[in-house]
S.K.: 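So that we are looking at the same thing, I have put the structure below in structure tokens.
Along the sequence shown, residues are numbered consecutively beginning with 1. Note: hydrogens, waters and symmetry copies are ignored here, and every other heavy atom, side chains too, is used.
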Amino acid sequence: MSMLLLAVFPLAMIFGALWDLTTMTIPNVLTVALAAMFAVLVPFVGMSLQEIGLHVAAGVLMLIAGMVFFAFGWIGGGDAKFVAATALWAGMSDLLVYLVWASIFGGALTLLILFFRTVPLPLFMQRREWIARLHDRKAGIPYGVALALGGLMIFPQTVWFAAAAHAV
């Protein structure tokens, strides 16, 4: 069980980041699976009902905020759902730190991609659809990468990591 506690969240973050980077989408199946695995694994970490409620509240809060941001066109729908599923795992106690890390990575990612878009793209890179898409000045920023990196940064401080360490 400790391996599941250690593996599910980081693998979901890595998968989400790579998928968003290469397709500019985050699949619904990933966010649903992340939320479902929270429900499956939460009995094994020893959270009280109040703590579980705070994790659910963090997820709902970020889903509402994400949908508002999506409505204004500031983020994609996949990003809104991904941040909510990630916040579900982070809970209220780690939510602010998660959002700070995601913002830092998001700013750095945005600056990096904006710079990348000013450099001529070699022909061999133009043939890679996902690289050409990243280079397109009209395309968005794959913010799921920043959300995933923020999640990976906070994971060692979460109850999930502590429960897995305690089980070993």
Side-chain angles (χ1 to χ4, degrees), residues 1-2 4-21 24-114 140-168:
M1 188 53 61
S2 62
L4 273 177
L5 293 173
L6 284 177
V8 168
F9 183 81
L11 288 175
M13 294 297 104
I14 293 165
F15 180 80
L18 292 174
W19 197 272
D20 198 25
L21 182 67
M24 295 290 285
T25 63
I26 299 173
N28 288 336
V29 69
L30 175 65
T31 53
V32 170
L34 197 53
M37 287 307 293
F38 172 87
V40 167
L41 294 175
V42 78
F44 299 99
V45 295
M47 281 190 219
S48 68
L49 285 179
Q50 181 182 1
E51 290 170 315
I52 294 169
L54 289 171
H55 277 256
V56 171
V60 170
L61 176 68
M62 292 315 301
L63 182 62
I64 292 168
M67 290 298 123
V68 169
F69 290 176
F70 173 72
F72 282 106
W74 298 338
I75 64 172
D79 297 328
K81 292 175 276 190
F82 191 51
V83 74
T86 304
L88 176 65
W89 280 70
M92 286 294 189
S93 61
D94 294 314
L95 184 59
L96 182 59
V97 176
Y98 164 65
L99 293 174
V100 168
W101 275 116
S103 297
I104 290 168
F105 285 122
L109 176 70
T110 300
L111 292 174
L112 184 64
I113 289 177
L114 291 176
I141 303 294
Y143 209 79
V145 173
L147 297 173
L149 289 172
L152 291 173
M153 288 301 293
I154 63 142
F155 185 65
Q157 287 77 45
T158 64
V159 65
W160 306 97
F161 196 87
H166 185 267
V168 175

S.K.: Strictly distance-based, threshold 3.5 Å: is any side-chain N or O of Tyr143 a donor or acceptor partner for the main-chain N or O of Ala102?
M.R.: yes
S.K.: What is the distance from atom CG of Leu112 to atom CZ of Phe105, rounded to the nearest 0.5 Å?
M.R.: 12.5 Å
S.K.: What pairs meet the side-chain hydrogen bond (donor to acceptor under 3.5 Å, both in side chains) rule with one or both residues in residues 59-74, with sequence neighbours excluded?
M.R.: none
S.K.: Measure the CG-CZ distance between Leu88 and Phe38 for me, rounded to the nearest 0.5 Å.
M.R.: 4.5 Å
S.K.: Which residues pass the side chain to side chain contact (heavy atoms under 4.5 Å, CB included) test with Asp20, not counting sequence neighbours?
M.R.: Ile26, Asp79, Pro142
S.K.: Can you list the residues that meet the side chain to side chain contact (heavy atoms under 4.5 Å, CB included) rule with Val68, with sequence neighbours excluded?
M.R.: Phe72
S.K.: Are any of the side-chain heavy atoms of Met13 and Phe155 separated by less than 4.5 Å?
M.R.: no
S.K.: Take a 6.0 Å sphere around CZ of Phe15 and say whether it holds more than 12 heavy atoms from other residues, nucleotides or ligands.
M.R.: yes
S.K.: Does anything in residues 145-161 pair up under side-chain hydrogen bond (donor to acceptor under 3.5 Å, both in side chains), and if so which pairs, sequence neighbours excluded?
M.R.: none
S.K.: I want to check something: taking the side chain as every heavy atom from C-beta on, are Met62 and Thr86 in contact at a cut-off of under 4.5 Å?
M.R.: no
S.K.: Restricting to pairs with a member in residues 89-110, which pass side-chain hydrogen bond (donor to acceptor under 3.5 Å, both in side chains), not counting sequence neighbours?
M.R.: none
S.K.: Suppose we screen for side chain to side chain contact (heavy atoms under 4.5 Å, CB included). Which residues come up paired with Leu61, at least two apart in sequence or across chains?
M.R.: Met92, Leu95
S.K.: What is the distance from atom CG of Leu21 to atom CD1 of Ile141, rounded to the nearest 0.5 Å?
M.R.: 11.0 Å
S.K.: Tell me, please, which residues at least two apart from Ile14 pass side chain to side chain contact (heavy atoms under 4.5 Å, CB included).
M.R.: Leu18, Leu152
S.K.: If you take all heavy atoms of Ala163 and Val45, which pair is closest and at what distance?
M.R.: CB-CG1, 3.6 Å
S.K.: Compare every heavy atom of Ala80 with every heavy atom of Leu63, then report the nearest pair and how far apart it is.
M.R.: CD1-O, 4.3 Å
S.K.: State, with a plain yes or no, whether a side-chain heavy atom of Leu41 is found less than 4.5 Å away from one of Leu4.
M.R.: yes
S.K.: Run the side-chain donor-acceptor check on residues 29-36: report pairs under 3.5 Å with partners two or more places apart or on a different chain.
M.R.:
{"residue": "Thr31", "atom": "OG1", "partner": "Asn28", "partner atom": "O", "Å": "2.9"}

